[in-house]
Structures are given as structure tokens and as C-alpha cells.
Amino acid sequence: MIRANDNYSKLKASYLFSDIAKKVNEYQQQNPDVHIIRLGIGDVTRALAPAVIKGFHEGVDEMANDVTFRGYGPEQGYAFLREAIAKNDFQDRGADILPDEIFVSDGAKCDTGNFQELFAKDIKVAIPDPVYPAYLDTNVMAGRTGEYENGRYNGIVYMDCLKENNFLPNLPDEQVDLIYLCFPNNPTGSTATKKVLTAWVEYAKENHALILFDAAYESFIRDEALPKTIYEITGAKEVAVEFRSFSKTAGFTGTRCGFTVIPKDCMIYDSKGEKISLHAMWNRRHITKFNGVSYPVQKAAQAVYSEEGHAQVKSQIAYYLNNADIISKTIESFGFDYIGGKNSPYIWIDGAGRDSWDFFDLLLTKAGVVCTPGGGFGRCGKYYIRISAFNSLENVILAMDRLKEALK
Ligand code: PLP
């Protein structure tokens, strides 16, 4: 008899975005003339930059000629892209990361989700609340949790991110083995200083733990004092893996490219307490289960690091950050508390005791604006909503004008 993985039955169905879509569709049917403005899902809206398109085309043209055609490429990514990443994203910031410590992939969702399979089933996992759902659900699938009760899975160490701690997880009171961190954060938009990350690196060293650091939104950091990579922190190479993505950095959500950094100094332990190279383990996993990112896509990603590509993607980020600024100022003018929107495309708004789905309904029905109810990201998001800056400037201005009318 072919038996199912029982852990899947523990998963709480991910209703968030389908529930939002259902409510939005119903509202649209009842109000066909309303132009609904979507500031909910965190997907980019602007076209790929011209330099990126040029790189993409060059890659496609090479595939059209027997002489330059490429078949299977290196599973870890082409050297031209790994070298560009290592130099521009790390070495130029004083972080000593080498090209062969970078594994190019089809995105950070797959990598953050797949990475947990390198660890034993009975490790203690610490996850922030609210959280990007892939970290939690993939650990549920792997059998690292008990049942779901009162909005939480038994066995997980949840790290509450609330106003009281500035939406930054506190160091756990108990010993944990695997720690998920994400800065700038989705959904809250909070950022972590070097001091905050240093405390985590020290915790990981003391406890022989590993940090999985998701930096998918690092390109939104404008504050020069904030670290863009965890490897700006001394000692992080021994205890942290970093996930990156071209999705939000350069509009690759539909093109698909990201990468994971695993320094060779990073060790985990076998059941006898002997050190094992995490780099070697992921490499083994990668060559077994992954056949590389398509050549034209890697050429497109390489173009992000050219002089013109860099300037173009920077201006796209500036465009979204300007939207975020407009949203933040409007929210502030209503007297709502919020965080994010400065070094992040997300604004996390305190509904002052209003349930996040009620707040969602209010914005939809009174203003035709779609946000994301915070409850969908965890128990700590129950009284918050997330507004995203990923839309056109015109739509953001229109949405804010409507909110001013609706909430006055
Ligand atoms: N990590 C975080 C925190 C995200 O918010 C997202 C996407 O929204 C991802 C990873 C996924 O990125 P990718 O498109 O590279 O799979």
C-alpha cells in the first residue's frame, strides 16, 4: 500500500491568498465599476530593466547557434554569475565570500524550503511570528512539529515579534539548534542593526546552532549603517547561511533566479558530535536534485551587476521605496502606528485592536484597496495588516486618496 506522509495532514491549509482572492472577486462582482487597487501580494509590477533584457537576449541568441549553444550547465551556477555575486554583493562590502561558496538557484522560496532537509528530525527550530510561511510549513512537512493547536504547531519555538521588542525576535530562553531570521522582514518591514545580528551570531556560536538568514529584501536597505548581509558580522561565516533572490532586487519573480551562500567555514554536527561541512552537504544535495538555472536567466542576472544594470535596478527600487514613503506618510497622518516602509517595501500597520480581517474588509469595501491581513502570517499578526509598495505610483496615490476619504 502506498502510504502518504502523515505530516502533510498537520498542515493548516494556506487559505490566506485564496481567501483574499475570493473576497476581492465577490466584491468586484457586486461592484463592477470599482477599480480595485491591489497592495496585497508582494509581487513586483515593473518590467525587467533594459540591461537585464539585453543580457537575457544575448543568452537566448547564444542558444540559437551550435557554436555557442549550452546544454546542462554547472548545477551550482556559471562562474561568471558566481564571481559577479561574490564581488559585488559581498567582497565590496567587506564580507569575505568566495564565488564557490555561492549556489545559484531558481529562487529563495525553494532554497529556504529545501534547506531544512539537511538537518536531523529532532532538532529544535526557532521561527519568528509573524513569518514568511515557507520556513514553518516545510518543517511541518518534514515531521519536526506536533499538531496545530491554538494557532501554533507544538514543538516549534516561536519568537514573537511585537511592538514591545520593536518587531525583532528576542534570543530564545531555551537552547535551539536552527534559527530562521529575515531582514528586512517580510511581513513587518523591520530591519536589524549590526548589534542585533551580532547577538544572534554569538548565540549561535555558544549553542552550536545555525542561522538561516533570508536577505531577499536587502536591496531595499538605504540606511548605510544597516548590514546588507549577515557576513558583515564577525564570525557569521561559521554559523550562518544566507538566502538571496533577484525577485525583488531586479524584478525576477517570473524570471526565477536566486542564490544561497554557504561559507566553507560553516559546520554542523553528526550524531557523534563530529563536524560536518554544510557546504559539502548542500553541494551533494544540489547536484543530486537540481540541474541548474537556465543559461539565459543567468546571463540576465549577471547584467544586474553591470554598471548600467546596477543603476537601472537601483532606480526601480527607489521607485518602490517612494511608493512606500507615500503609504507610510498617509498611514501616519491617520494616527496609526506602523513599522517598515523605510528600508523595506512593506508597511506593517497596527489596527489598534481591530482584527486584521475586519481591517481588510474595511479597506476593500470603503476604498477598493486590497491589503494583506496580518493574521495570515502568524498569531502575532492578528491585529495588523501589511500594505505593499509593489504597484504603480499612480495606483498608490489613488489608493491613498481613497483611504483618506474612507478613514476620515
Ligand atoms: N523570502 C521571503 C522573505 C519572501 O518574501 C519571498 C517572496 O515573497 C521569498 C523568500 C521568495 O523569493 P523567490 O521569488 O526568490 O522564491
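Position 1 is the first residue of the sequence, and the numbers go up from there. Every number for a ligand or one of its atoms is a count from 1 in the order of the listing.
For the salt bridge (Lys or Arg N to Asp or Glu O under 4.0 Å) condition, the pairs that include at least one residue of residues 191-203, sequence neighbours left out, are Lys194-Glu232.
Remark: the Tyr180 side chain and the Asn139 side chain contain an N/O donor-acceptor pair separated by less than 3.5 Å. Side-chain atoms of Tyr217 and Lys248 include a donor-acceptor pair closer than 3.5 Å.
For the pair Arg82 and Phe259, the NZ or CZ position fails the cation-pi test of under 6.0 Å to the six-membered ring centre and within 45 degrees of the ring normal. No cation-pi contact links Arg354 to Tyr383, judged by a cut-off of 6.0 Å to the six-membered ring centre and 45° from its axis.
Ligand 1 is surrounded by Gly107, Ala108, Lys109, Tyr132, Tyr135, Cys182, Asn186, Asp214, Ala216, Tyr217, Ser245, Ser247, Lys248, Arg256, each with at least one heavy atom closer than 4.0 Å.
Contact between Ala367 and Leu403 at its shortest, heavy atoms only, is CB-CD2, 3.7 Å.
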